[in-house]
Amino acid sequence: MSSHRIQEFKVALSEEKLDLNALRELCFSGIPFEGGIRALCWKVLLNYLPLDQTMWDSLLKKQREGYSQFLKEMIIQPGIAKANLGLSREDVTMEDHELSPNFPIHSFSIYNEVLLQIDKDVRRLYPDMAFFQWPTDYPCQLILDPQNDYETLRRRVEQTTLKAQTVDRNRSGVTNVSSPGKALNLYPSNEYEVLPNGCEAHWEVVERILFIYAKLNPGIAYVQGMNEVVGPLYYTFATDPNDKWREHAEADTFFCFTNLMSENRDMFIKSLDDSQCGITYKMESVYSMLKEKDMELYIKLQEQNIKPQYFTFRWLTLLLSQEFLLPDVIRIWDTLFSDQDRFNFLILVCCAMLVLIRDQLLAGDFTINMRLLQDYPISDVHTILAKAKELQDGS
């Protein structure tokens, strides 16, 4: 990015009280990575950092201490209690959690299935990149403290044997039920290199963020795909060139993810699918907009019975994070986060993606078109964002 543009950001971020509209306008066209500008802007745009910079130090101190408290209450203390009880895994049941006054309220049993699903998903986060397998420069000392003799999440996953069944939860409910028998071998022994004690891979940090989120939000807990939403956030904060920010990537990611999910979570809740805030309404909005912008293409997709849920479900819920390479996803998110009505702009982006391949879609049959939509052929996200802006401006 040009030095002139970087300077524009530095000037905007030097104000004691930030001008949100001016910052949004700057960010809409892409945010520089240099100097940690992108990570900082995302924290402002996601309402983690207030506009008044004089409040930052006290707020960050409070939030990061709060996150440490979550780790103590939801991972360390239950882990110590479990270790002290000396129960074998098969002895921990829902009855222990619900009925026994002696068993800790944050029982292991109720969240075993959630943890196993998170673990499987985060281990394969962006498999084409080595980053998530690398050790973090800032492993969580609270978690790794040898004074705490407790069962870590890593150990818990390795040791887990569920008494009855393993249940893989996906968004449609409970599926893929399997009986693991006495031992649960989730991965081939050579698939992932286990880091030595005292080290943590980046995926383990992401796992912890999602596990804490699941425990704090029992109404939604964890749904497959959330790992794809938290991944780019964490990557952006954990690669911040500024050490003092990078050191706190875990806590900062947790709060930014929580804020983003507060806007996006309704798309993950099945009972809200058909409401105005649910995913069905959003998917249909893509076609409503397409009908308005390109009637010929809309009619063609309708005639071929290509329903929006066949492809826009993933586009919308995962904020396009699986359609493009990570650097391109991050560039799209610069624009999404900076738009005041970010999820309406996401619908515009989806519509732009259809319009840009209209000639291929008009020429293709059902099979060809489904392949195009499920493996989107255009990789230049700048073209897509420009077309979305054009549609927004009414062209």
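In what follows, every heavy atom counts, from backbone to side chain, and hydrogens, waters and symmetry copies are set aside.
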S.K.: Does Ser29 use its side chain to pair, donor to acceptor, with the backbone of Leu26 at less than 3.5 Å?
M.R.: no

S.K.: Please name the residue in the list Leu336, Asp328, Leu346, Ile384 that meets the side chain to side chain contact (heavy atoms under 4.5 Å, CB included) test with Leu320.
M.R.: Leu346

S.K.: Taking everything shown except Asp375 itself, do over 12 heavy atoms lie less than 6.0 Å from its CG?
M.R.: no

S.K.: Just grab all the side chain to side chain donor-acceptor pair (under 3.5 Å) pairs involving residues 14-28, residues at least two apart or on different chains.
M.R.: none

S.K.: Charged N to carboxylate O under 4.0 angstrom, Asp252 versus Arg64?
M.R.: yes

S.K.: Looking at every heavy atom in both Cys351 and Met289, which two are closest together, and how far apart are they?
M.R.: SG-CG, 3.8 Å

S.K.: Do Phe311 and Tyr376 have side-chain heavy atoms sitting under 4.5 Å apart?
M.R.: no

S.K.: Suppose we call two aromatic rings close when their centres sit under 6.0 Å apart. Are Phe337 and Trp42 close by that rule?
M.R.: yes

S.K.: Suppose we screen for ring-ring contact (aromatic ring centres under 6.0 Å, His included). Which residues come up paired with Tyr126, at least two apart in sequence or across chains?
M.R.: none

S.K.: Where do Phe345 and Ala388 come nearest, in terms of heavy atoms and distance?
M.R.: CZ-CB, 3.8 Å

S.K.: I need the minimum non-hydrogen distance between Ala214 and Val114, along with the two atoms involved.
M.R.: CB-CG1, 3.8 Å

S.K.: Taking salt bridge (Lys or Arg N to Asp or Glu O under 4.0 Å) as the test, write out the residues that go with Lys62, two or more places apart.
M.R.: none

S.K.: Rounded to the nearest 0.5 Å, how far does CE of Met226 lie from CD1 of Ile209?
M.R.: 13.5 Å

S.K.: Do Phe257 and Leu210 come close enough that some side-chain heavy atom pair is under 4.5 Å?
M.R.: yes

S.K.: Donor-acceptor pairs under 3.5 Å, side chain of residues 355-372 to any protein atom, not counting sequence neighbours: which ones?
M.R.:
| unit_1 | atom_1 | unit_2 | atom_2 | d |
| --- | --- | --- | --- | --- |
| Arg358 | NE | Asp294 | OD2 | 2.6 |
| Arg358 | NH2 | Asp294 | OD1 | 3.1 |
| Arg358 | NH2 | Asp294 | OD2 | 3.4 |
| Arg358 | NH2 | Glu296 | OE1 | 3.1 |
| Asp365 | OD1 | Thr367 | N | 3.3 |
| Asp365 | OD1 | Ile368 | N | 2.9 |
| Asn369 | ND2 | Gln304 | OE1 | 2.7 |
| Asn369 | ND2 | Leu361 | O | 2.9 |
| Asn369 | ND2 | Gly364 | O | 3.3 |

S.K.: Return yes if some donor-acceptor pair links the side-chain N/O of Arg314 with the main-chain N/O of Gln374 below 3.5 Å, else return no.
M.R.: yes

S.K.: Tell me every residue that passes side-chain hydrogen bond (donor to acceptor under 3.5 Å, both in side chains) with Glu65, counting only those two or more places apart in sequence or in another chain.
M.R.: Lys61

S.K.: Is it the case that Lys43 places NZ or CZ above or below the six-membered ring of Phe237, under 6.0 angstrom from the centre and within 45 degrees of the axis?
M.R.: yes

S.K.: Is there side-chain contact between Phe211 and Leu153, with heavy atoms separated by less than 4.5 Å?
M.R.: yes

S.K.: Using atom types as modelled and distance alone, determine if a side-chain donor or acceptor of Lys293 lies under 3.5 Å from a backbone N or O of Leu391.
M.R.: yes

S.K.: List the steps and the verdict of side chain to side chain contact (heavy atoms under 4.5 Å, CB included) for Glu250 and Leu71.
M.R.: CA-CA 11 Å; Glu250 179 176 352; Leu71 295 180; 4.1 Å; yes

S.K.: Ignoring hydrogens and angles, tell me if any N or O in the side chain of Trp315 forms a donor-acceptor pair with the backbone of Glu323 under 3.5 Å.
M.R.: no

S.K.: Does the separation of the ring centres of Tyr222 and Tyr213 fall below 6.0 angstrom?
M.R.: no

S.K.: Kindly give the heavy-atom pair with the smallest separation between Thr317 and Val229, and that separation in Å.
M.R.: O-CG2, 3.9 Å

S.K.: Between Met353 and Thr383, is any pair of side-chain heavy atoms under 4.5 Å apart?
M.R.: no

S.K.: If you round to the nearest 0.5 Å, how far is CG of Leu301 from CG of Leu290?
M.R.: 6.5 Å

S.K.: Output yes when a side-chain donor or acceptor of Asn259 lies under 3.5 Å from a complementary backbone atom of Leu46, and no otherwise.
M.R.: yes

S.K.: Under 4.5 Å between any side-chain heavy atoms of Met283 and Leu316, yes or no?
M.R.: yes

S.K.: In chain order, what residues pass the ring-ring contact (aromatic ring centres under 6.0 Å, His included) check against Tyr234, with sequence neighbours excluded?
M.R.: His202

S.K.: Taking the side chain as C-beta and beyond, is there a heavy-atom pair between His248 and Leu60 under 4.5 Å?
M.R.: no

S.K.: Does a side-chain heavy-atom distance below 4.5 Å link Tyr287 with Ile306?
M.R.: yes

S.K.: Heavy-atom distance under 4.5 Å between the side chains of Leu49 and Leu40, does that happen here?
M.R.: yes

S.K.: Find the distance between CG (Leu45) and CG (Leu260) and round it off to the nearest 0.5 Å.
M.R.: 11.5 Å

S.K.: Which atom pair, heavy atoms only, marks the closest approach of Ile37 to Pro32?
M.R.: CB-O, 3.5 Å

S.K.: Say whether Gln63 and Tyr67, considering side chains only, have a donor N or O and an acceptor N or O under 3.5 Å apart.
M.R.: no

S.K.: Go through the structure and list residues passing side-chain contact (heavy atoms from CB on, under 4.5 Å) with Ser379, not counting sequence neighbours.
M.R.: none

S.K.: Distance check, rounded to the nearest 0.5 Å: Ser68 atom OG versus Leu142 atom CG?
M.R.: 5.5 Å

S.K.: Between atom CG of Leu20 and atom CG of Leu51, what is the distance when rounded to the nearest 0.5 Å?
M.R.: 5.0 Å

S.K.: Treating Arg246 as the side-chain partner and Asp240 as the backbone partner, does any N or O pair qualify as donor plus acceptor under 3.5 Å?
M.R.: yes

S.K.: Determine the sole option in Asp119, Asp121, Leu125 for which the side chain to side chain contact (heavy atoms under 4.5 Å, CB included) test with Arg123 is passed.
M.R.: Asp119

S.K.: For Glu200, give me all partners under side-chain contact (heavy atoms from CB on, under 4.5 Å), at least two apart in sequence or on another chain.
M.R.: Thr136, Pro139, Cys140, Ile143, Leu144, Glu204, Val205, Arg208

S.K.: Are the side chain of Trp56 and the backbone N or O of Pro50 linked by a donor-acceptor pair below 3.5 Å?
M.R.: yes

S.K.: State, to 0.1 Å, how close Leu13 and Cys41 come at their nearest heavy-atom pair, and which atoms those are.
M.R.: CD1-SG, 4.1 Å

S.K.: For Phe28, is the NZ or CZ atom of Lys389 found under 6.0 angstrom from the centre of its six-membered ring and inside 45 degrees of the ring axis?
M.R.: yes

S.K.: Can you name the residues that form a side-chain contact (heavy atoms from CB on, under 4.5 Å) with Leu216, not counting sequence neighbours?
M.R.: Phe70, Met74, Ile212, Phe254

S.K.: Quick one: list whatever passes side-chain contact (heavy atoms from CB on, under 4.5 Å) with Asp128, sequence neighbours left out.
M.R.: none

S.K.: Which residue pairs satisfy the salt bridge (charged side-chain N to carboxylate O under 4.0 Å, His left out) criterion with at least one member in residues 338-357, sequence neighbours excluded?
M.R.: Glu263-Arg342

S.K.: ring-ring contact (aromatic ring centres under 6.0 Å, His included) with Tyr48: which residues, sequence neighbours excluded?
M.R.: Phe255

S.K.: Hey, what do you get for CG (Asn344) to NZ (Lys282), rounding to the nearest 0.5 Å?
M.R.: 8.0 Å

S.K.: Can you check side chain to side chain contact (heavy atoms under 4.5 Å, CB included) on Val329 and Val381, steps first, answer last?
M.R.: CA-CA 8 Å; Val329 172; Val381 297; over 6 Å; no

